[in-house]
Amino acid sequence: MRTVLRSIPGMTASQAAFAYILANSLVSSCVFGTTKLANLQDVLRAVDLQLDEASRMAIRDTYDSLPGAIGV
């Protein structure tokens with residue numbers, strides 16, 4: 001999963017993960033934790049980022065291939 005998240009152009013892996021979550025209409029809230037201000041700032045930038053369809057599908061396909069993945 002980390003590999004595909006790191007491969008999203010113009011985003012850090014954290015930003016790609018949160019952009020994916022925030023774009024999902026089935027998700028009503030997103031909670032995360034960090035101990036470093038720089039990590040918090042990085043994640044907060046994801047609010048203004050959008051994934052293209054190919055990136056969304058790559059993340060979803062990778063998740064679906066994980067053992068024990070919960071399908072939605």
Side-chain angles (χ1 to χ4, degrees):
M1 181 58 81
R2 290 180 183 160
T3 302
V4 73
L5 291 171
R6 276 186 248 143
S7 73
I8 307 298
M11 296 185 196
T12 66
S14 297
Q15 289 171 338
F18 281 96
Y20 179 83
I21 292 166
L22 294 172
N24 187 333
S25 63
L26 299 175
V27 174
S28 59
S29 64
C30 180
V31 178
F32 66 95
T34 183
T35 58
K36 297 183 180 177
L37 181 57
N39 293 344
L40 174 62
Q41 292 168 333
D42 181 57
V43 169
L44 290 176
R45 287 187 203 98
V47 172
D48 298 322
L49 300 175
Q50 293 188 359
L51 295 166
D52 60 30
E53 183 64 22
S55 296
R56 279 195 301 276
M57 291 307 299
I59 293 169
R60 184 64 197 193
D61 291 346
T62 300
Y63 175 78
D64 286 342
S65 71
L66 297 173
I70 300 170
V72 177

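What you see is a predicted model, and the numbers here were worked out from it, not measured in a lab.
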*Considering all heavy atoms of both residues, which atom of Met1 and which atom of Ile59 are nearest to each other, and what is their separation?*
CE-O, 3.9 Å
_For Thr62 versus Ala58, what's the shortest heavy-atom pair and its separation?_
OG1-O, 2.8 Å
*Fellow cluster residues of Val47, listed by chain then number, with links counted only when side-chain atoms sit under 4.5 Å apart*: Leu22
Please enumerate all residues that pass side-chain contact (heavy atoms from CB on, under 4.5 Å) together with [X], with sequence neighbours excluded.
X: Val27; value: Ile21, Asn24
X: Ala46; value: Gln15, Phe18
X: Ala23; value: none
X: Ser7; value: Val4

_Test: side-chain hydrogen bond (donor to acceptor under 3.5 Å, both in side chains). Region: residues 27-36. Which pairs qualify, not counting sequence neighbours?_
Thr34-Asn39
How far does [atom1] of [X] sit from [atom2] of [Y], to the nearest 0.5 angstrom?
X: Ser14; Y: Arg45; atom1: OG; atom2: CZ; answer: 11.0 Å
X: Arg6; Y: Ile8; atom1: CZ; atom2: CD1; answer: 12.0 Å
X: Gln50; Y: Arg56; atom1: CD; atom2: CZ; answer: 8.0 Å

*Just wondering, do Leu40 and Leu37 contact through their side chains at under 4.5 Å, heavy atoms?*
yes
